[in-house]
Trainee: 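Would you mind keeping the following structure in view while I ask a few things?
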Protein chains: 2
Amino acid sequence: MEPNISIIASLIGESTRASMLTALMGGKALTATELAIEAEVTSQTASSHLSKLVEGQLLVVRKQGRHKYFQLQSVEVAELLEKLLNITSKVAKTNTVTGPSDSRLRKARICYDHLAGELAVALYGSLVRNKFIIEQNYETLITESGREFFESIGVNFDRFQKSKRPLCKSCLDWSERRSHLAGSLGQWILNDIFKNGWASKDLDSRVIQFNQTGLKFFYSRYDIK
Amino acid sequence: MEPNISIIASLIGESTRASMLTALMGGKALTATELAIEAEVTSQTASSHLSKLVEGQLLVVRKQGRHKYFQLQSVEVAELLEKLLNITSKVAKTNTVTGPSDSRLRKARICYDHLAGELAVALYGSLVRNKFIIEQNYETLITESGREFFESIGVNFDRFQKSKRPLCKSCLDWSERRSHLAGSLGQWILNDIFKNGWASKDLDSRVIQFNQTGLKFFYSRYDIK
DNA sequence: GTTTCACTTCGATGAGCATCGAACTATTGA
DNA sequence: TCAATAGTTCGATGCTCATCGAAGTGAAAC
């Protein structure tokens, strides 16, 4: 028989579980309590939801002492949620009551393992403008000069070769409705930002908070603006 | 605020609506009655579901006399359903009670606008073997000789250039767990199969039924087996 | 040891919603 | 004009499931 998509979809289609999954798009493993707070339910309710999500193989769980850390099962699950975020934001064009935490989210946020938001879109634009990446039939490819550039800032492409993930991949941004960079290279860039101390993850959201000097370095390295 | 993915997901997460959406993955517009039969509910129930799907912008509707034809809203929606089909089939590895209609579905079926199933996977393998397409960092690209080959069988690449869709795109097959060809080229190939009369759509499923001579032509043209 | 904290299980409650019968409108075809 | 067909609206019914209080386990801290 044809697989029944309603099982997985209904797991995501419940607002409490959806909050949890969206929170886990931050890439970080979270405990049951943290997820309960995030979704604004009691720990009993959270426990019930989380066991369903694990059983449905959308999450994996790792036990550490008396804590249980939950995480998205795979990049594939993250990509599914991403697609949902995009379609949803396209539909909900109406009630765009942009709050304060919202503007920070739009500026820079984490999209499972890469950078998203205004800054990510600006970065993508700059890479295209400098001909480090090109869009060809709506696929994103790295150019020879792009390869040289990234090698000069520390990327080891040999290591990526073995990975099963696409190196470059454009990912439609739900807030900007334009492309940003995903794939292994997108992941590397975000890691590099953290490693350099240019920005830090917000404790309880997907917001990425750049510090002033970090932002300056980021702009200059990638020739933004 | 972050878009609330539960709204869209819950629309898909109801089994009756999921049947309807899966049926519409056949690419053909279907009437409310046809979808009611497909999902095994009364016309009243179907009507209620369909209006929700239209309101949620997963479907578009076209009125024709006393009929209403429903269709997936866009390629994006089809891609979302595809991703769901894949994740679902990976999870449901257990109860694989393969029925008779199932084997036809696995052989060749439509995936919104391109060919899927065993034959599609074999086609993809042959194109790779002949170096007409290459996989590079898990992106699928057409080669120079591939371009020549497809031009020789009637593809007009200039027309594709304008389209916003990727030319080649690999799409993971839920039944085979291997890649088949999607994108504009995948769409062209399926259209070409129908135009040549090699196969026809099943009336009430996603099965693509090849006739004997059609299958022979298909195998020889694409050097399969 | 005792206390505290993280998480789970059970059971009762209640809200949301899929379902369909009955009655309706609208279109086609005779 | 009348009958048949496609689809809708309304209201009643009943099931599923999210929710949380109460009570439990098990690990860590003191």
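Any value given below was found using the heavy atoms of this structure, including those in side chains, with hydrogens, waters and symmetry copies removed. Here is the naming used below: chain letters follow the sequence lines, and residue numbers restart at 1 for every chain. What you are looking at is a predicted structure, and each value in this text was computed from that prediction instead of being measured.
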Trainee: Assign each of A:R17 and B:E34 to its nearest nucleotide of DNA chain D by heavy atoms, then name whichever residue's nucleotide is nearer the 5' end.
Mentor: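 Its nearest nucleotide being more 5', the pick is B:E34.
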Trainee: Tell me what A:K63 touches on the nucleic acid: a base, only sugar-phosphate, or nothing, going by heavy atoms under 4.0 Å.
Mentor: nothing
Trainee: For D:dA18, does OP1 or OP2 lie under 4.0 Å from any side-chain N or O of A:T45?
Mentor: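 No, outside the criterion.
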Trainee: Would you indicate which nucleotide in C:dA18, C:dC7, D:dG7 comes nearest to any side-chain atom of B:H67?
Mentor: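 Out of C:dA18, C:dC7, D:dG7, the nucleotide with an atom closest to B:H67's side chain is D:dG7.
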Trainee: Using whole Å, report how far CZ of B:R62 lies from C1' of D:dG7.
Mentor: 16 Å
Trainee: What's the closest nucleotide to the B:E14 side chain, out of C:dA18, D:dC20, D:dG7?
Mentor: C:dA18
Trainee: Both A:S43 and B:T16 contact DNA chain C. Which one's nearest nucleotide lies toward the 5' end?
Mentor: A:S43
Trainee: How close or far is atom P of C:dA6 from atom CG of A:L30, stated in whole angstroms?
Mentor: 15 Å
Trainee: Nearest-Å distance, CG (B:L35) to C1' (D:dG7)?
Mentor: 13 Å
Trainee: For A:K52 and D:dT16, what is the distance between atoms NZ and C1' respectively, to the nearest whole Å?
Mentor: 10 Å
Trainee: To the nearest 0.5 Å, how far apart are CD in B:E118 and OG in B:S175?
Mentor: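 B:E118 CD to B:S175 OG: 7.0 Å, rounded to 0.5 Å.
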Trainee: Whole-Å distance between D:dG7 P and B:L59 CG?
Mentor: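 About 14 Å, once rounded to whole Å.
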Trainee: If you go through the side-chain atoms of B:Q44, does one of them form a donor-acceptor pair with the base of D:dG7 closer than 3.5 Å?
Mentor: no
Trainee: Is the phosphate of C:dT8, meaning OP1 or OP2, less than 4.0 Å from a side-chain N or O of A:S47?
Mentor: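 It does, given that an N or O in the side chain of A:S47 lies less than 4.0 Å from OP1 or OP2 of C:dT8.
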Trainee: Side chains of B:S74 and B:E76: do they bring a donor and an acceptor to under 3.5 Å?
Mentor: no
Trainee: Is a donor-acceptor contact shorter than 3.5 angstrom present between the side chain of A:R66 and the base of C:dC5?
Mentor: yes
Trainee: Output the single nucleotide from D:dC20, C:dC7, C:dT19 whose closest atom is nearest the side chain of A:T42.
Mentor: D:dC20
Trainee: Can you list everything that forms a side-chain contact (heavy atoms from CB on, under 4.5 Å) with A:S10? Sequence neighbours excluded, please.
Mentor: none
Trainee: I'd like to know if A:K28 and A:D113 make a salt bridge, using a cut-off of under 4.0 Å between side-chain N and carboxylate O.
Mentor: no
Trainee: Round to a whole Å and report the spacing from CE of B:M20 to P of D:dG7.
Mentor: 11 Å
Trainee: Can you check the A:Y69 OH to D:dA27 C1' distance for me, whole Å?
Mentor: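 For the pair A:Y69 OH and D:dA27 C1', the rounded distance is 14 Å.
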Trainee: Check every atom of D:dA18, C:dC20, C:dT9 against the side chain of A:H49 and return the nucleotide holding the closest atom.
Mentor: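 Closest nucleotide among those given: D:dA18.
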Trainee: Is any side-chain N of the basic residue among A:D173 and A:R109 closer than 4.0 Å to the acidic one's carboxylate O?
Mentor: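 Answer for the salt bridge query: yes.
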Trainee: Output the rounded distance in Å from CG (B:L53) to P (C:dA18).
Mentor: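 Value for this atom pair: 10 Å.
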Trainee: Base, sugar-phosphate, or nothing for B:S51, non-hydrogen atoms under 4.0 angstrom?
Mentor: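 No contact.
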